[in-house]
Amino acid sequence: ISGAGLDGSLRLSSKDKKTIVYFEKGQIIFAVSNAKSLRLFSVALDQKKLDKQTLAKHPCFANDLEFAASLQKSGEFSKTVVDEMIKAQVVAIASDVLSWSNGDWHFSHLARLRADIRYQIELQNKFLEHGRSVPNDVVVGRFKSVDEGFSVRQRPPEHLLQSHELYILGCFGDEPLSIGQLRTKSTMPEAGMLQALYVLWLGGVLSRLNFNSAFPKTKVDEMLSADLQFALLGSGSPEFERAYKSLAARYPKKVAVRIGY
């Protein structure tokens with residue numbers, strides 16, 4: 001979703017837990033959960049942003065958006081403070097979802113939020129930390145071919161990365177590298193190299209190419225039947241390059257493809 005820069009909603013469920021995460025241009029802008037511990041009032045209480053006496057003044061606290069509006073309308077909390085509460089809630093919801101070991105998901109590019117609900121959520125650290133917590137044997141199993149490629153998406157401040165992650169990132173220049181090519185450049189043991197790659201990809205530092213994406217060409221076709229536009233910049237498997245060039249030819253007003261960097 002992030003790599004494709006998609007708008008829409010991602011519905012996730014695991015046993016009795018249900019969460020909806022909203023995206024705009026691939027970035028998380030809002031999230032809701034049915035877990036009581038992740039409702040806005042619970043997160044605000046846990047983080048000591050308000051107390052139970054204040055909460056009692058707002059009987060609408062069961063509805064997150066109504067509760068946020070009520071807090072602001074009362075004059076007790078500024079919009080800035082309420083917005084920070086909501087951002088903390090979204091981070092807590094995302095952290096909870098990352099802890100799930102299994103579940104179901106469904107992405108819809110049609111489900112959108114009201115135009116006034118948009119929050120800049122800082123989640124890169126959470127994704128980096130989660131990537132580091134995934135067992136190495138699980139990480140290795142998530143790479144299917146040495147032909148999978150990666151390219152630099154952004155170079156974050158060095159203090160966010162661990163030394164071995166910085167080393168792997170330093171192996172990249174302007175051109176993408178496959179796992180096979182990275183093997184020849186890196187002196188790290190392969191398990192450590194793959195772990196660092198996984199963390200950097202999950203944290204949005206690297207883009208991933210030539211892998212089994214959750215959104216194959218047929219799914220992109222379906223999304224493009226809606227009132228959307230799609231842009232692709234990159235290079236990789238000739239098969240994928242031909243497929244996306246074909247999409248651009250079929251949807252010239254909706255799809256732009258540039259092979260290269």
Side-chain angles (χ1 to χ4, degrees), residues 1-4 6 10 12-15 17 19 21 23 26-28 31 33 35 38 90-107 121-216 234-237 240:
I1 297 170
S2 176
L6 298 176
L10 179 65
L12 306 114
S13 62
S14 179
K15 298 180 180 177
K17 288 186 174 182
T19 293
V21 182
F23 292 83
Q27 300 299 309
I28 293 176
S33 170
L38 294 171
V90 174
V91 171
I93 291 172
S95 299
D96 179 66
V97 170
L98 287 172
S99 73
W100 298 359
S101 59
N102 54 60
D104 299 304
W105 64 271
H106 173 75
F107 180 79
I121 313 296
E122 178 49 60
L123 285 167
Q124 187 172 44
N125 269 338
K126 290 293 181 184
F127 283 107
L128 290 170
E129 290 170 4
H130 176 69
R132 294 168 187 142
S133 73
V134 177
N136 194 259
D137 60 329
V138 175
V139 168
V140 171
R142 290 178 178 173
F143 294 101
K144 304 301 183 185
S145 168
V146 296
D147 293 326
E148 286 192 32
F150 294 84
S151 62
V152 177
R153 186 176 178 184
Q154 58 160 297
R155 292 187 184 271
E158 291 189 357
H159 72 270
L160 293 181
L161 303 179
Q162 296 182 358
S163 57
H164 64 292
E165 296 159 0
L166 284 169
Y167 170 75
I168 292 298
L169 180 59
C171 293
F172 286 85
D174 295 332
E175 298 296 323
L177 292 175
S178 68
I179 293 175
Q181 291 170 323
L182 193 57
R183 276 176 173 170
T184 66
K185 299 191 70 168
S186 168
T187 59
M188 285 183 63
E190 180 150 327
M193 179 192 77
L194 293 176
Q195 184 83 37
L197 273 178
Y198 185 73
V199 170
L200 294 172
W201 170 65
L202 198 62
V205 178
L206 297 178
S207 294
R208 192 171 176 182
L209 311 169
N210 303 345
F211 76 111
N212 187 22
S213 171
F215 297 99
S235 64
S237 164
F240 281 101

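Computed from a prediction, not measured in an experiment: that's the story for all the values here.
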Between [X] and [Y], what is the shortest heavy-atom contact and its length?
{"X": "Gly131", "Y": "Val199", "value": "C-CG2, 3.5 Å"}
{"X": "Met193", "Y": "Met188", "value": "N-CE, 3.7 Å"}
{"X": "Ser33", "Y": "Ile93", "value": "N-CD1, 3.9 Å"}
{"X": "Gly192", "Y": "His164", "value": "O-CD2, 4.5 Å"}
{"X": "Leu202", "Y": "His130", "value": "CD2-CD2, 3.6 Å"}
{"X": "Gln162", "Y": "Arg132", "value": "NE2-CD, 3.4 Å"}

Okay, side chain of [X], backbone of [Y]: is any donor-acceptor separation there less than 3.5 Å?
{"X": "Asp96", "Y": "Leu38", "answer": "no"}
{"X": "Glu165", "Y": "Ala196", "answer": "no"}
{"X": "Tyr198", "Y": "Phe143", "answer": "no"}
{"X": "Ser14", "Y": "Lys17", "answer": "no"}
{"X": "Glu175", "Y": "Leu177", "answer": "no"}

Quick one: pull up [atom1] in [X] and [atom2] in [Y] and give me the separation to the nearest 0.5 Å.
{"X": "Leu123", "Y": "Ile28", "atom1": "CG", "atom2": "CD1", "value": "5.0 Å"}
{"X": "Glu129", "Y": "Leu160", "atom1": "CD", "atom2": "CG", "value": "10.0 Å"}
{"X": "Leu209", "Y": "Ser151", "atom1": "CG", "atom2": "OG", "value": "5.0 Å"}
{"X": "Asp137", "Y": "Gln195", "atom1": "CG", "atom2": "CD", "value": "9.5 Å"}
{"X": "Trp105", "Y": "Ile1", "atom1": "CH2", "atom2": "CD1", "value": "7.0 Å"}
{"X": "Phe150", "Y": "Ile168", "atom1": "CZ", "atom2": "CD1", "value": "11.0 Å"}

Does [X] reach the side chain of [Y], with side-chain heavy atoms less than 4.5 Å apart?
{"X": "Leu12", "Y": "Trp100", "result": "yes"}
{"X": "Leu194", "Y": "Ile179", "result": "yes"}
{"X": "Val152", "Y": "Leu206", "result": "yes"}
{"X": "Phe23", "Y": "Ser2", "result": "no"}

Chi angles and distances behind the side chain to side chain contact (heavy atoms under 4.5 Å, CB included) call for Val205, Gln124: CA-CA 9 Å; Val205 178; Gln124 187 172 44; 3.9 Å; yes
Heavy atoms of other groups near Glu158 CD, more than 12 under 6.0 Å: no
